Amino acid sequence: MELVILPEWFDRSAVTIAPELIGCTLVRQLPDGQQLRGIIVETEAYQEGDPACHAYRKQTKRNQVMFGDPGYVYVYLIYGMYHCVNVVTDKAGAPSAVLIRALELDRDTLVSIPRKPSEKPVKVAAGPGKLCRAMQIDLDLYGTKLDLGQALWLEHRSTDWQHKLDGGSIKLTQTTRIGLTQGVDLPWRWYVTDCHAVSKW
DNA sequence: GGTAGGATTACG
DNA sequence: GTAATCCTACCT
């Protein structure tokens, strides 16, 4: 299998893809060529018929990328100060996305990220806002294609990680989503069980 | 044209 | 508990 995840892989429902993205690697390539890498440990799915989905009502300038082809980046500003990054899923006309909520940062990436001395390294990318700050993701990446050589792309699970999942030493937990006022009962959040890098419990 | 509130986080 | 901070949706 190709290492880099191709756009066609995202042409499925968000609820199918969200748990499959756990264990995959998010790669951020900066303009200077430096790469920041982290393994996804927490995701949430948002799709049609879901009142919490930003595309639930109608197409707007903000959510329009969700209405388009899969495999593109949906970034939005929340609470005026934080960014959240999503992967657009499913075919054009079926607006949906997977929110990436937490990463286990690659060791080299970790040392390259500026942070307060008091801040525990593992908490740097725990939470969608902090994750975007650590990976330097902002609205400039809105509508970017997820592909090798772009600002952002995804890579499949390593065989080692997959074996750990198959063998039961890594487990996934499925539960309800966080921070919502609508659609609170939909169990569309997944994370690595007992992972210390997951945002909230 | 005005405004309430949000897929968050940090700090008291 | 609540401030920070801004874009969007949803009024009028």
Side-chain angles (χ1 to χ4, degrees), chain A residues 10 13-22 24 26 28 38 40-68 70 72-90 94-105 110 113-144 146 152 154 172-192 195-201:
Chain A
F10 297 105
S13 77
V15 168
T16 301
I17 289 175
E20 291 189 18
L21 271 180
I22 307 276
C24 295
L26 180 70
R28 167 76 167 113
I40 298 170
V41 295
E42 182 183 3
T43 59
E44 286 179 358
Y46 293 86
Q47 65 183 31
E48 276 186 304
D50 169 14
C53 180
H54 286 170
Y56 181 61
R57 293 182 182 280
K58 59 180 181 182
Q59 186 169 347
T60 65
K61 190 183 172 193
R62 178 216 208 187
N63 68 21
Q64 64 181 349
V65 71
M66 295 176 76
F67 287 80
Y72 286 79
V73 180
Y74 170 42
V75 183
Y76 64 89
L77 183 63
I78 187 81
Y79 301 116
M81 41 186 356
Y82 296 102
H83 298 281
C84 293
V85 64
N86 300 247
V87 178
V88 174
T89 54
D90 221 328
S96 63
V98 173
L99 171 67
I100 300 174
R101 292 190 55 91
L103 299 176
E104 180 100 49
L105 291 175
L110 203 49
I113 288 176
R115 62 174 192 274
K116 294 175 233 171
S118 61
E119 197 171 9
K120 287 190 178 175
V122 79
K123 293 294 181 190
V124 168
K130 291 198 289 189
L131 178 161
C132 285
R133 199 177 53 196
M135 300 294 271
Q136 299 178 41
I137 294 167
D138 62 25
L139 290 175
D140 288 347
L141 270 61
Y142 183 95
T144 305
L146 286 161
L152 210 60
L154 286 155
L172 300 188
T173 297
Q174 178 178 3
T175 181
T176 51
R177 296 171 298 180
I178 285 184
L180 312 155
T181 55
Q182 299 190 302
V184 292
D185 294 329
L186 293 170
W188 287 354
R189 173 176 176 240
W190 290 264
Y191 59 87
V192 176
C195 178
H196 46 297
V198 165
S199 56
K200 292 183 194 172
W201 297 99

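Reminder, nothing fancy here: chain letters follow the sequence lines and each chain counts from 1. This one's a predicted model, so the numbers in the text were calculated from it and none came from an experiment.
- Atom CD1 of A:Ile137 and atom C1' of B:dT8 are 15 Å apart (whole Å).
- Remark: A:Pro95 pairs with A:Glu48, A:Ala55, A:Met66, A:Phe67 by the side chain to side chain contact (heavy atoms under 4.5 Å, CB included) rule, at least two apart or across chains.
- For C:dT2 and B:dG5, the C1' atoms lie 15 Å apart once the distance is rounded to whole Å.
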| task | Report the secondary structure of DNA chain B in dot-bracket form, marking unpaired bases with a dot and bases paired to a different strand with |, and treating Watson-Crick or G-U pairs with both distances under 3.5 Å as paired. | result | ||||||.||||.

| message | Walk along nucleotides 5-12 of chain C from 5' to 3' and tag each nucleotide B, S or - by protein heavy-atom contact under 4.0 Å, base first, then sugar-phosphate. | response | BBSSSS--

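- For A:Arg177, the salt bridge (charged side-chain N to carboxylate O under 4.0 Å, His left out) partners are A:Asp50, not counting sequence neighbours.
- Annotation: side-chain hydrogen bond (donor to acceptor under 3.5 Å, both in side chains) contacts of A:Thr173 (sequence neighbours excluded): A:Thr193.
- Considering only heavy atoms from C-beta on, A:Thr16 stays 4.5 Å or farther from A:Gln47 through its side chain.
- By the side chain to side chain contact (heavy atoms under 4.5 Å, CB included) test, A:Pro187 pairs with A:Gln174, sequence neighbours left out.
- Summarising the geometry, the separation between CG on A:Leu180 and C1' on B:dG5 is reported as 14 Å, rounded to the nearest angstrom.
- Rounded to whole Å, the P atom of C:dT5 lies 22 Å from the corresponding atom of B:dG2.
- Scanning for salt bridge (charged side-chain N to carboxylate O under 4.0 Å, His left out) contacts around A:Glu20 gives A:Arg12, with sequence neighbours left out.
- Comparing A:Pro128 and A:Thr181 along DNA chain B, the residue whose closest nucleotide (by nearest heavy atom) sits nearer the 5' end is A:Thr181.
- For A:Tyr76, the side chain to side chain contact (heavy atoms under 4.5 Å, CB included) test picks out A:His54, A:Arg62, A:Tyr74, A:Ile78, A:Cys84, A:Asn86, A:Leu99, with sequence neighbours left out.
- When the side chain to side chain contact (heavy atoms under 4.5 Å, CB included) test is applied to A:Ala18, the partners found at least two apart in sequence or on another chain are A:Thr43, A:Ala45, A:Val98, A:Trp190.
- One can place CH2 of A:Trp188 at 15 Å from P of B:dA7, the figure rounded to the nearest angstrom.
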